[in-house]
Amino acid sequence: MLEFADIQHTDRETLFVEVILPLAISKNYTYRVPFSLNDSVFIGKRVVVQFGKSKLYTAIIAAVGNQAPEKYEAKYLLDILDDRPVVTGRQLRFWQWLADYYLCNMGEVMNAALPSALKLASETKIELNKDFQVDKSTLHDKEFLITEALEIQNELTVGDIVKLLGQKTVMPILKSMFEKNIINISEEVSERYKPRKRTFLTLNPIYNDPDNLRELFPILEKRAPKQADALLAYIKLARTQKTISKNELIEESGAGDASIRSLIEKEILVAEEKNVSRLYFDEDEFSDNFQLSDTQEQVLNDIKQQFSEKDVVLLHGVTSSGKTQLYIRLIEDMINSGKQVLYLLPEIALTTHIIERLRQYFGGNIGVYHSRFNDNERVEVWQKVLNHEYKVILGARSSVFLPFADLGLIIVDEEHETSYKQFDPAPRYNARDAAIYLGNMYQGKVLLGSATPSFESYYNARTHKYGFAELAERFGGVELPKTEVVSITEELKKKTMQSHFTSVLMDDIKTALANKEQVILFQNRRGYAPLMMCKVCAYTPKCVNCDVSLTFHKSSGKLHCHYCGYKEEAPSICPACGSTHLEYKGFGTEKVEDELSMLLPGARIARMDLDTTRSRNSLQNILNDLEEKKIDILVGTQMVAKGLDFSDVTVIGIINADSLLKYPDYHANERSFQMLAQVSGRAGRRGKQGKVVIQTYDPNHRVIRQVIENDYKDLYFTEMEERKSFKYPPFYRIINLDVKHKSQDILYNQAEYLATELRKNFGDRVIGPEYPLISRIRNYYIKSIMLKFERDVESINRAKAIIKDVITQFQTTKLSKGAIIQADVDPV
DNA sequence: AGCACGCCGACT
DNA sequence: GTCGGCGTGCTC
């Protein structure tokens, strides 16, 4: 802490800083800089400030000035945490853009951007005042309890005391105890980042002389064979890597810690303790160069060519076309020109072999960043990006926030993935879109890659806003899967259906099983049956919160709401008329699994949907089982489509394509279509051509017809061909708004009000709030409004201004403190 | 986000 | 009467 005298008795200029606090508040706050820190204030450094009554926060300096605020007395800055800024000016501009674009506060962006180890918040610590003896008999019960606890524990946090007393409001008690001098209350901030230490071993230089080494071995082998083993292992390791840690040696040699310690005592090995990175990297040189196929080579040149004119290029490459190899070439080019590369992947893909594959190529140059890393690891990556130690970052969506110095290229793989969008806490950003802006800030290039590009990106490519490149064949000449459309109606007529399975699909499944190959069946509904209905009075159980019918789950025996999670016991008699004739309509994955196991008793069937993957490791377990061929048939929802590499799946069955293709809403239809294409892309690997069986009641559906007419080529590919000529409606940009409030009535008014305001400007482009249903999550009712535009930036900005205005109105009217929780726009 | 203040109902 | 609930407003 600084002394009062320090401030008063210097005659230098008084500085003020504006800081970003890691809170959901709309303004930056101004603090006065003590003279002692005048030389060290700098934009982007972290500082400690007191905000509110007692809390200390880590804030980021956003601006420095010398103008004293007029309306209030600024508090002093308490401390500066960094010698050098941890956040660059460019990052701060990126944060500002993100906050504006996604309608949130800078503090919220800061929370998402900084690894939490860099944001220390204070812990309120309570201790006994040792200079003061209390007469315990004068204390109230609660005060007595706290005093007793402190005598044993020395130090408690506010949280501890809440638990101790079993009541929520403890501050008044603490306050009075502080005033009575019984306790001390202190706020402490502590650095949470701790470097990791490791012992490294080197051979005593004497033994670099082979003669000395040769003398040593027989002695060791006789007296201490374990030590000899260890030494041998060391020499073996030293051939392939520069540094050898103690742990590695123990693992390699099978010798114990003791043997290695005696080697150190005998001065054969030299131990040295070093701060070590928590991040794995090996020093292996890049593996032998692979060869690009002619097609790949062409496409690579095509992309480079387009980068000379366009900042963003969309690469549409069918599954297994070798996109990653193109990425590697582009990354190599960037590294050679000294620039950094950001390689974005959806969360789920980061668990796979991609990381390993890239590490092989780029060794210590590559950093991996995602949310499963612990905080210390994340800070290390952050620092290494800041210090230019990493040239390539492989990461999930949050890696767009890393402090790049010179970003030359961003690759967004699986560009269409919805997991690039953050939903729950603000900022509700889409990393793909943010990456495009980021690329622009650094004057770098952005490559969007996907086997099933999102429709927005595809549109942008088609209108020449983005460049476009195509990889239309699979790498290594593997054939694309053959697609067969089967009419359920026909098979019903011929009476060849078995439960939900056509004879065609059944035969294919049986053939696959006979060949020890695997099958994936896709049914985009979980549960057993999505609807229960009384045969007599047509009563359907509905969710008490949301306006949807409840889905029957056989595993729980309950009716579930898929919107809000509400559950109730499935009735055995109709609650409306008392009839016992209740029937289940439609079917979900549970039922498919159920019926299939009756038809194919020998097959090992597993199910993959939200219900079976809810617990931590279950998804991984299912994938492992599939990999190890412990599963013959996997029944699943859209989850089975998500970029997973299944080894021996040769047959994909779409149980009912109509459920995907008949949404009333154009956008939902697009998404379903994409899903269909993604699922189909999973068929056939490792030299085997796959087969996709699409079951439908409606073989005349546009999409289905197209599959047939296009000679069973890759489904998505043909659809995209179709779209080139814009036979189908133009693409919309959408603003999605979710309004939430605890009271249903107020929510309704708010949603109506917002919609009315927007309608004044945009008329019938505003959809809702009647469109989707009110849903209820925890204590909040949520209602969605949608705004559709033909692509027109000016309208979007106007709409955003109106939305911002309404948000402020909501915040300032006492009537309703509901918030617009989401406002999401396509990239501009 | 915290935390205080103020208003209300329900308990020793 | 006060304890504790919750809504509202403020924090440089």
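So that the names make sense, note that chain A is the first sequence line, chain B the second, and so on, each numbered from 1.
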With 3.5 Å as the limit, what N/O pairs link the protein to nucleotides 1-3 of chain C?
none

With distance as the sole test, does [X] use its side chain to make a donor-acceptor pair with the main-chain N or O of [Y] at under 3.5 Å?
X        : Y        : result
A:Arg90  : A:Ala405 : yes
A:Glu414 : A:Leu345 : no
A:Gln91  : A:Phe401 : yes
A:Lys800 : A:Tyr101 : yes

Touch class at under 4.0 angstrom, heavy-atom based, for A:Lys71 against every strand present: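 Answer is nothing: A:Lys71 stays at 4.0 Å or more from every strand.
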Sugar-phosphate only, base, or nothing, as touched by A:Leu21 at under 4.0 Å among non-hydrogen atoms: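 Result for A:Leu21 = nothing.
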Rounded interatomic separation in angstrom, taking [atom1] from [X] and [atom2] from [N]:
X        : N      : atom1 : atom2 : answer
A:Glu70  : C:dC12 : CD    : P     : 18 Å
A:Leu56  : C:dC12 : CG    : P     : 12 Å
A:Leu23  : C:dG9  : CG    : P     : 19 Å
A:Ile173 : C:dG4  : CD1   : C1'   : 11 Å
A:Ile25  : C:dT11 : CD1   : C1'   : 7 Å

Nearest-0.5 Å distance, OG1 of residue A:Thr14 to CZ of residue A:Arg32: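 The OG1 atom of A:Thr14 sits 5.0 Å away from the CZ atom of A:Arg32.
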Spacing of CD1 belonging to A:Ile802 relative to CZ belonging to A:Phe762, to within rounding of 0.5 Å: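 One gets 4.5 Å once the value is rounded to the nearest 0.5 Å.
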Cation over ring face, A:Lys75 and A:Phe51, 6.0 Å, 45°: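 Here A:Lys75 fails the 6.0 Å and 45° test against A:Phe51.
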Distance test, side-chain N/O of A:Tyr29 to OP1/OP2 of C:dT11, below 4.0 Å: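 For C:dT11, OP1/OP2 do not have a side-chain N/O of A:Tyr29 under 4.0 Å.
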Any donor-acceptor N/O pair under 3.5 Å between C:dC12 base and A:Tyr72 side chain: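 Looking at the base of C:dC12, it does pair with a donor or acceptor on the side chain of A:Tyr72 (distance under 3.5 Å).
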Salt-bridge contact A:Asp82-A:Arg46 (side-chain N to carboxylate O under 4.0 Å):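 A salt bridge is present here (some side-chain N lies under 4.0 Å from a carboxylate O).
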Sequence-distant partners of A:Glu73, salt bridge (Lys or Arg N to Asp or Glu O under 4.0 Å), two or more places apart: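 Per chain and number, A:Glu73 pairs via salt bridge (Lys or Arg N to Asp or Glu O under 4.0 Å) with no residue.
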Contact interval (first through last nucleotide) of DNA chain B with protein chain A, 4.0 Å heavy-atom: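 Using the under 4.0 Å cut-off, the span is B:dA1 to B:dA4.
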